[in-house]
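Read through the structure below, which is laid out as structure tokens, and then see the notes.
Start at 1 and go down the list; that is how both ligands and their atoms are numbered.
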Amino acid sequence: SLTFNEAPFAESYDVGEELGSGQFAVVYKVTSRKTGEKFAAKFIKKRRYATSRRGVPRAHIEREVEVLKAVGGHENVIQIIDVFETGNDVILVLELVSGGELFDHVCAREHLDEAEACAFIKQILNGIRHLHTNYVVHLDIKPENLMLRKKGETQLKLIDFGLSRHIYPGTPVKDMIGTPEFVAPEVVNYEPLSPATDMWALGVVTYILLSGVSPFLGRNRDETFCNITSVNYHFSPTYFGTTSQLAKDFIGRLFVKDSHSRATVDDCLNHPWVRGP
Ligand SMILES: Cc1ccc2c(c1)c1c3c(c(C)cc1n2CCCN)C(=O)NC3=O
């Protein structure tokens, strides 16, 4: 297993405001005591006993760290800086992105015009291509995990690799994870996951950026899953009346039930809507 920095975290960083929290993790803004630089610190609660249901198993934490180390350094992917361990937590020190969630940016505008949406999608595709080239699948692509680096800027970064993993050709991975609205049919049907699983989620993000509505969301989880496995979506004129045929075709190439027939990240980067004039 990995050995993490035993030096006390508190000797190197001052903890500031809480930025967000999840089931077993809390993210704080922290300041390096040496340089004054700001970072995000993700405190992941360790699972104490194998039989416990609380906290995260060490293997999962090590996987997140391994993945972050493997894909950090790309301009559209969050960079891991350091890792510490205390009795209860593993602390990931991460690059701080202070521009807020893409989600808020879209909500503030209700939806984006095509050129702006396309510029964001191109960045997300570049980030995803970096992951998939390194056999990493994110498995939780959604607007909350796409954050703008600085306020007023449009550079965005993929964050939160808590569900991501290495998936090598020939080693099928099955798991029931992700956020219902964004999961692909193979997740609902507990069939092998693959890079194509991220591409479906990108289709959902694109649909939301252009319309402000979620394509498969039902009144409850089961209805959402049923919409997904039956690929039950449409471009209602109310929200897509002014959307170009190219944009709708781009989305249509991602909402394909058979993961092998779904557009890959390279297919998307070469699609006329993204490749542009
Ligand atoms: C300014 C700000 C506000 C909230 C933040 C973050 C930054 C943030 C960050 C990260 C994560 C995993 C979650 C984060 N959250 C929690 C919400 C993310 N959807 C991260 O890795 N770097 C961040 O800046």
Response to the item:
Expected contact list for ligand 1 at under 4.0 angstrom, heavy-atom basis, is Leu19, Gly20, Val27, Ala40, Ile78, Leu94, Glu95, Leu96, Val97, Ser98, Glu101, Glu144, Met147, Ile159
Discussion item. Taking CZ in Phe103 as the centre, count heavy atoms belonging to other residues, nucleotides or ligands within less than 6.0 Å. Is the count above 12?
Written reply: no
Worksheet, complete the sentence: Sequence neighbours excluded, the answer for side-chain hydrogen bond (donor to acceptor under 3.5 Å, both in side chains) partners of His74 is none
Discussion item. Tell me if the centroids of the rings in Tyr135 and His166 come within less than 6.0 Å of each other.
Written reply: no
Fill in: Over 12 foreign heavy atoms within 6.0 Å of CD, Gln23
no
Worksheet item: Is the centre of the Phe216 ring less than 6.0 Å from the centre of the Phe255 ring?
Response: yes
Fill in: Ring-ring centroid check Phe240 His234, cutoff 6.0 Å
no
